[in-house]
Each structure stands twice: as C-alpha cells, then as structure tokens.
Amino acid sequence: MHAIEVSHLTKRFGTLTALNDVNFSVDVGETFGFLGPNGAGKTTTIRILTGISYPTTGTATIFGHDIGRDTIAARQSMGIVSETSNVYDDLTAWQNMIFSAELYHVRRDIREKKATELLTTFDLYERRDDKVHGFSKGMKRRLTIAMGLVNSPLLLFLDEPTSGLDVQSNLIIRDVITGLIHEGVTVFLTTHNIEEANLMCDRVAIINRGTVAAIDAPERLKKTIQSVQSVVSFDHSSADQLADVSRLPMVNDALKEGDKFRLYTEDPATVIESVMEYARSGNLRVISISTLGPSLEDVFIKLTGLQRTGGMVHAID
Amino acid sequence: MQSTDDKTGGPEQWFTRITRELSAAWAISRKDMITYYIKPNIIVMGILFPFFMFLAFAIGKNAPPGTLIPGLIAITLLFSASSIEPVSIPIERRVKTFDRLLSAPISLHSLVFGESLSGFLYSLGIACFPLIAGIILFATPIEHAPVLVIAMALTAFCFATLGTLFAAYPTENVGEVMSMLNTVRLPLIFISGVFIPISEIPQIGQDIALFSPLTYGNDMITYAYTGTSLFSPLLDILALLIFILIFQFVANRLYKKFNE
C-alpha cells in the first residue's frame, strides 16, 4: 500500500485545466518533493489530496482510503502545514495547540502531553500563554508546524515550510523535519527552495502547467542534463565583463552572481582555457575557478521552460 | 468533497464517531467564542443594531414598554444569532484558518453545526438582557416559561444556522456577506409580526410571512408571554425545526459547492 496514490487526476475550473491526468504515488516513509512554478497546479493538487477540493476526474487515496469517499479516515492520518501560517492570532499558543488536537480527535489525556512536547521542541513553551498576534513570523511558522504534528501524523503535507524565515526558525524546522523522516513519517513537501528539496527528498515530481513533467530521485534527474557549471571569480569584476564571458567559446549561458560569474557549458575544459586566456588579455587575475555538475534547479528550469535572466528566473510566455 | 457516509462499522464505532464529531463541533464553537464574541462589528450588528432599531419603533408606538419585550427578544435573537459567522468565516478565509477547519477529519455537518453553535450561545446570552429587563424593570409576566425557553432556543439556533448559511458565500469580505444577509434580515422584521401584527398587514404580506422563520419564533415567544398566538406552539416548533434542517442542509451543500 502506498501512502499516497494519485491516478489520472484532472481538475478543470471552467475552461481552465489546472491539472491534466496527473499520476504519481508516494511510498510509506518516503520524502516526496512537489516542485513547480507558480500556477503549475501544486496548490490544487494539495487541496485535492487533503480533501478540501475534489477532482473533475481521477482518484486519490491516502493509505488506501479514497479521499473522496472515505474522507474522514483519510484525513485522520494526515498532518497539514499550509503555506500561510494559519494560526489563530486571538488565541494563545497553548489554545491553538489544544484546538488543533481537538479537531483531530487526540485523546484528552494525550493532548496536553503532546502540546507540551511540541511547544518545547519548537522553542515556544515559555510563550505558551501569550496570544499569537504578538509572535514573530518565525514563531508563527513554528507554531503552525507544531499544530500540524499534534495528531502524530503518518503523512505530513508541508507547503513551503521554511520560506522567508529567520535562521533560528529555519534550523529548528529542518531539525524537526529530519527527525520525522528518520521516524518513518511520509513527507509531501512543496517548496520553491529547490536546494531544500534536493537535500531532503527521496524523489521529486516537477509539475508544470498541470502536467507532471518528471518524477525521479534528484540525482537521477540531474543526470538527464548535460550542462556543467564553471564558477569563476576575478580580482576585479564588473557587470561589463558579463557580456565578454558569455561570448567565450562553448559557454551556453552566463550569469553574474555577486563577485562571481556562473558559466553554463557542456565542455568545461574548453571554457576554463578560454577564461584563462580572457583573464590574461584583460590583465585580470583569476582568484578561483570551480566546476560543478548540474543542479536540481537546472533540471527544474529545463523542464518548466523558465529562463534565467541576470541571476533571476523568469517564466517564458 | 467531504463524505458524511464513511464506512465506520457497527453501533459502537458510530457512537465513537458521533462523540468525536460533537466534540470537534464544540471545539470550533469555543474557539469562535474566545475569538469573535467581542469583535466590534459583532457588537454593533448583534447588540446595538437590534436595540436601536427596536427603540425607533417602540418610541412611536405608544404601548406600555413591558408589552414590547417579546418583540425585542425576537429581533435580538434574529440579529445576534446570525451575526457571528458572517463575520468570523470571511475573516478566517482571509487568514486561511478556515482551510484548517475544512481539512480537519470532521464532516461538513459538524463544521456547520459547530459554527452555528457559537452564534446560538451568543444569541441566547444577549437575549437574556431584554428578558431580565422585562422581569425587573417592567414586571412583564411570563405565562409559559418552558415554552419561552424552547422558543428562544429554537429561534436562536435557526438564525445562527441562517448566518452560517450566508457565510458560505466564498468571500473574504465581511461587508459582502453582511449586505446579503441584511437584504433578508431587515424585511423579515416587517413581515413577521414583530412590529405590526400579521393580521394587520396586507394579504400578500401575510402569505410571505408564512415563509419567515421569525414569524414562528415571534409567535411562540408572544404565546409564552401572553398565552395567545397566531399558530399553535407545536406548529411553531415544527416550522422552526424544518427551517433549521433546511438551512443546515443548504449550508452544507453550499460549503461543499464553493470549495470545488
């Protein structure tokens, strides 16, 4: 039995097809990343998997329970952490935890123990009696995740868990998620932080315009791309040099990132020679040069049809 | 998408399921009490608005103040019961806490019931003020106290469910829901015998009055105070129960539809 099994899922809103025949499964204990640009269908998929919305056609099961017909049983084993920190500002941290436990039918004798344990883990116990409206963004995020774990879920939906957070919150959240993964909790992770998905996920699915473009382990996905990156740093770097280095032989694309240039190539040896020649001719000194393999971000950009411009990623219309 | 007919087995499991659903509904209701009971727009729409509206009519009516108590209780129940959810649900949509309720392992019926329960309790609490004022200040006699209790409870729950129904409209703007609700609530007070006895309004008004839950609530409260009424109290109870079931059913369908 799979933790999640999605079969021929299609969702239409009028004439717009938000999801088009989506199929995938997530094994028990697997950490599964779900990546895609804005509007690709990630949220629609999560809303269907959590039973908030329903598909036009197709089915989704959670631990064998059809989310459409056996909704309550399917949800009982889930923890849901949405993209927005949807906590009740007028309740205290403790009241938020207990309310969440009550919604998930956590037994009275376990509720308080679990709430204490989670608030302590997320470094919020000292503030348990404070109303949440005084909390920082990071504290609200931590509380949201704690609320999602109050029913000890077997399957955790995590939507952008660490987006825009302070270092302390980031570290706590990543530690907790790593711990859950080690405990065998199945994690369905949606994130814009592709490196986060690369580090945490057993497999990732890349969805674009409602269709799954690829599903595989991050390392196997990277192997589908030939491009290699050379990162070069000169003793004097300026924006003008970007045009020069992007014209070097065998350079497919070039970006300026801080004081470094990132050059995309399929032939790193030729590029390194060209860079050295360029440095000599311009009286520049190469401070460092390194060659990297393709990143998951490269795979993502290739599959979603986005393009890099000046260090930013833009959608191609 | 939520199903209310999950396969849960025998009577014991059904009992567990119902207990869990009621417990979750009570949790939703308690959360609303802590969060919304003292929000300014609820105080204005639920307490001040019915009071001043009633005062405006009472001043021009030349009747002893004590005789106006049943009508005041009826419109207090109408406005206060139906004011909580049209405020709380759009706000919760905006801050995304409503998704937390929609994705919880409870049926939509329990969600609607839990939301309505907070309006019901709020309304009963507020309606106690005119009730106590009637007893203490005007010595207004109550002929049938048990009937008054049943009438207030059913009327409060009926309008709380009406408020939850209107709050199903998928907006994050409180004003939009309130505007729609007021286009129904305000005409109700004129055709339901609160200010003008139903027998004194034109025939078409009398016909429409039959479709107003306030007619039956007000009629039953009047009976509890005076011993006289347009319909039998049993008919009033039946009518209010039917309205509650219709509102609950329609609210359930609308929440399901609007989350598609």
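Reminder, nothing fancy here: chain letters follow the sequence lines and each chain counts from 1.
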Salt-bridged, A:E102 to B:R30, with N to O below 4.0 Å? yes
Which portion of A:E83 sits near chain B, non-hydrogen atoms under 4.5 angstrom: neither
Of the backbone (N, CA, C, O) and the side chain (C-beta and beyond), which part of B:K257 lies under 4.5 Å from a heavy atom of chain A, both, or neither? neither
Going from CZ on B:R100 to CD1 on A:I52, what distance comes out if it is rounded to the nearest 0.5 angstrom? 10.5 Å
Nearest 0.5 angstrom please: B:D99 CG to A:T50 OG1, how far? 8.0 Å
Kindly indicate, with the supporting measurements, whether the criterion side-chain contact (heavy atoms from CB on, under 4.5 Å) is fulfilled by B:I28 and A:F99. CA-CA 8 Å; B:I28 292 171; A:F99 174 61; 4.2 Å; yes
Treating A:H105 as the side-chain partner and B:I106 as the backbone partner, does any N or O pair qualify as donor plus acceptor under 3.5 Å? no
Residue A:S100 versus chain B: region with a heavy atom under 4.5 Å: side chain
Approximate separation, where rounding is to 0.5 Å, of B:D32 CG and A:D90 CG: 11.0 Å
Segment of A:S82 engaging chain B (4.5 angstrom heavy-atom cut-off): neither
Please walk me through it: do B:V95 and A:D89 pass side-chain contact (heavy atoms from CB on, under 4.5 Å)? CA-CA 10 Å; B:V95 296; A:D89 279 359; over 6 Å; no
Okay, A:L103 and chain B: the region with an atom under 4.5 Å from a heavy atom over there is both
Any chance you could measure A:N86, atom CG, to B:E92, atom CD, to the nearest 0.5 Å? 9.5 Å
